[in-house]
Structures are given as structure tokens and as C-alpha cells.
Amino acid sequence: EIGVRLVGSEMCIRDRSVIYDKSKEKVVYTECLPKHARKIAIEIFNEMPHIGGEVLKTYDTYVFSNTEYEKKHTEICKVTPIYKSLEDIPDGDWQKVLFAMSPDEISDIINLVNGKSYDGVRFVKSADIFFEMIKSGITKGSALKMYRQLDGMEDCTFVAAGDYNNDIEMLKEADLGAAPLNAQPEVKAAADLVLQHTCDNGAIAELIEVILEKCGI
């Protein structure tokens with residue numbers, strides 16, 4: 001007898017440093033930015049005050065600059081944000097700071113942070129218009145390693161799907177890493193399987209079919 005458990009609807013790796021159990025509505029693992037991340041975010045925002053931005057905490061999203069590009073992120077995530085300045089966002093459990101801007105401006109913010117020496121944080125481009133600050137050493141891959149250690153997950157086979165460079169570590173850590181047809185070239189190169197469908201046109205449905213076929217179902 002073969003059993004298949006699709007756990008994506010029950011528990012998920014969220015925002016790279018959080019594993020959230022949807023069925024119990026609680027966080028089972030988290031890694032937070034250091035306290036001085038606020039100071040770093042303020043410094044970056046002062047240099048580029050026209051860009052959008054938000055702070056993702058464990059349960060809330062705080063938007064400090066609501067540009068058209070920032071609105072795209074809250075729409076994608078389907079969240080109702082809280083609007084506050086960077087200085088007024090509450091301390092504690094800052095998971096990441098996301099900056100949103102036009103594709104032409106991404107290189108500017110990359111050059112900006114590369115010219116600084118910020119301790120305890122790392123930066124990653126997560127889309128053509130999104131640039132994130134997270135805790136040093138934290139990736140979706142490191143979260144997946146922790147996922148394997150949770151109760152009931154020790155003997156599971158892990159399948160992951162991702163389309164952008166910030167997903168590469170997760171795909172490598174998974175037992176089967178899949179990339180949608182519209183994934184970045186580097187992501188496809190890191191994946192075990194390149195799907196025939198795009199993110200917004202059936203890629204996950206295709207991947208589920210692959211899983212069921214491999215299990216003989």
C-alpha cells in the first residue's frame with residue numbers, strides 16, 4: 001500500500017525564515033532579523049526614499065512605503081497590511097524587510113548594499129522588482145532542513161518547487177526539486193525536474209501529477 005501526504009496545504013515554509021502550521025495556526029519554527037535591522041532599513045530607505053517597502057513579522061505585514069510596486073507584493077500575498085513608518089513598526093520577530101521598485105532600480109540597491117558592511121543580515125533578489133533583507137545564514141534551504149526534523153516529518157520525501165534565485169537552496173535540499181517553465185535559467189539548472197507549465201498556468205498541478213505517477217497512483 002502506498003500513501004501520499006501532500007503537506008503543502010497544512011504546513012508551509014513562509015518568508016524563508018518561518019515554518020507555519022496552517023492547520024494549527026501557529027509558527028513551529030522561526031528565525032528573526034537582528035534588532036539593528038531597523039537601523040539598516042532606515043539607512044537604505046533614506047538613500048532611496050522613493051522605493052516601496054514592508055516589514056514582515058510573524059503574523060503581520062507592515063508597509064512603510066506603499067508604492068505601486070509595493071502594492072503588487074501585498075496583492076500577491078493576499079494580505080491586509082498595517083501602515084506605519086519604519087521608526088514606528090513594533091520591535092521583535094522581524095522576519096524580513098522587503099524593498100519594492102522598478103526593475104531598472106534593482107541594480108542601484110544592489111550596488112548600495114554591496115558598498116556597505118552590514119553584520120548579521122544578507123540580501124537577496126527575489127523577483128525582478130523585489131529585494132529582501134533577511135538574517136544571515138537563512139535560506140529556504142535551511143528552513144527545509146529544519147522542516148525535516150519536525151515531529152512526523154522524519155521519514156517524509158520532500159518535493160519543492162521554485163522559480164527564482166532565492167529558491168535554489170530549497171530545490172537542492174529537497175529530495176525532488178522542480179522548476180516551472182518560466183523559472184530563471186539558474187533555477188532550472190539547479191532543479192531535478194523542469195516542468196512544462198508556468199507558475200500561473202498549471203505548474204503545481206503538473207508536479208502533483210508527477211508525484212502521483214512516481215508513487216504508482
Side-chain angles (χ1 to χ4, degrees), residues 3-35 37-38 41 52-64 66 70-86 88-100 121 124 126-127 130 132-164 166-167 169-171 173-178 180 199-200 202-205 207-208 211-212:
V4 176
R5 183 184 182 198
L6 300 177
V7 299
S9 60
E10 299 175 17
M11 200 177 300
C12 62
I13 296 174
R14 190 178 69 183
D15 304 330
R16 216 167 273 104
S17 55
V18 178
I19 300 177
Y20 183 72
D21 189 330
K22 292 183 177 181
S23 64
K24 298 178 181 178
E25 295 188 350
K26 72 174 186 177
V27 170
V28 296
Y29 164 75
T30 183
E31 291 280 357
C32 301
L33 282 163
K35 190 173 182 180
R38 182 197 305 273
E54 65 185 58
V55 173
L56 287 93
K57 291 165 63 71
T58 304
Y59 295 102
D60 295 304
T61 299
Y62 289 82
V63 170
F64 56 85
N66 197 31
E70 169 55 31
K71 290 176 183 177
K72 290 182 180 181
H73 191 258
T74 53
E75 288 171 1
I76 291 170
C77 296
K78 295 180 172 59
V79 298
T80 301
I82 302 168
Y83 299 97
K84 285 186 179 291
S85 68
L86 267 170
D88 294 331
I89 296 173
D91 285 328
D93 72 325
W94 282 34
Q95 304 300 331
K96 71 176 179 182
V97 180
L98 179 139
F99 299 99
V121 302
V124 60
S126 56
F130 301 137
E132 303 175 6
M133 175 172 66
I134 57 178
K135 183 179 178 182
S136 291
I138 296 300
T139 67
K140 290 182 180 180
S142 66
L144 184 51
K145 285 183 180 180
M146 183 58 65
Y147 206 156
R148 292 183 184 276
Q149 300 174 33
L150 298 177
D151 289 341
M153 297 293 171
E154 299 88 350
D155 297 324
C156 288
T157 297
F158 284 80
V159 179
D163 64 338
Y164 218 84
N166 59 318
D167 296 315
E169 292 87 349
M170 178 180 66
L171 297 184
E173 177 63 27
D175 299 299
L176 174 65
C199 295
D200 56 355
I204 298 303
L207 180 56
I208 292 172
I211 295 170
L212 296 177

Could you tell me if the side chain of [Y] sits less than 4.5 Å from the side chain of [X], heavy atoms only?
| X | Y | value |
| --- | --- | --- |
| Met170 | Thr139 | no |
| Val63 | Thr74 | yes |
| Phe130 | Ile76 | yes |
| Tyr62 | Pro90 | yes |

*Run the side-chain contact (heavy atoms from CB on, under 4.5 Å) check on Thr157 and Leu176 step by step: do they pass?*
CA-CA 8 Å; Thr157 297; Leu176 174 65; 5.9 Å; no
Whether [X] side chain and [Y] backbone form a donor-acceptor pair below 3.5 Å:
| X | Y | answer |
| --- | --- | --- |
| Lys140 | Asn166 | no |
| Glu75 | His73 | no |
| Arg38 | Ile89 | yes |

Quick one: pull up [atom1] in [X] and [atom2] in [Y] and give me the separation to the nearest 0.5 Å.
| X | Y | atom1 | atom2 | value |
| --- | --- | --- | --- | --- |
| Ile19 | Lys26 | CD1 | NZ | 12.5 Å |
| Glu70 | Glu54 | CD | CD | 4.0 Å |
| Ser142 | Tyr29 | OG | OH | 5.0 Å |
| Leu212 | Ile208 | CG | CD1 | 7.5 Å |
| Thr61 | Tyr83 | OG1 | OH | 10.5 Å |
| Leu33 | Met133 | CG | CE | 5.5 Å |

*Can Met153 and Phe158 be said to form a side-chain contact (heavy atoms from CB on, under 4.5 Å), step by step?*
CA-CA 9 Å; Met153 297 293 171; Phe158 284 80; 4.1 Å; yes
What is the minimum heavy-atom distance between [X] and [Y], and which atoms define it?
| X | Y | value |
| --- | --- | --- |
| Lys135 | Cys32 | CD-O, 3.1 Å |
| Ile138 | Ile134 | O-CD1, 3.1 Å |
| Ala178 | Leu207 | CB-CD1, 3.8 Å |
| Ile204 | Ala161 | CD1-CB, 3.9 Å |
| Gly162 | Leu171 | N-CD2, 3.7 Å |
| Asp167 | Asp163 | OD2-N, 3.0 Å |

*Determine whether more than 12 heavy atoms belonging to other residues, nucleotides or ligands lie under 6.0 Å from atom CD of Glu25.*
no
*Which one of Val97, Asp88, Ile82 satisfies the side-chain contact (heavy atoms from CB on, under 4.5 Å) criterion with Phe64?*
Val97
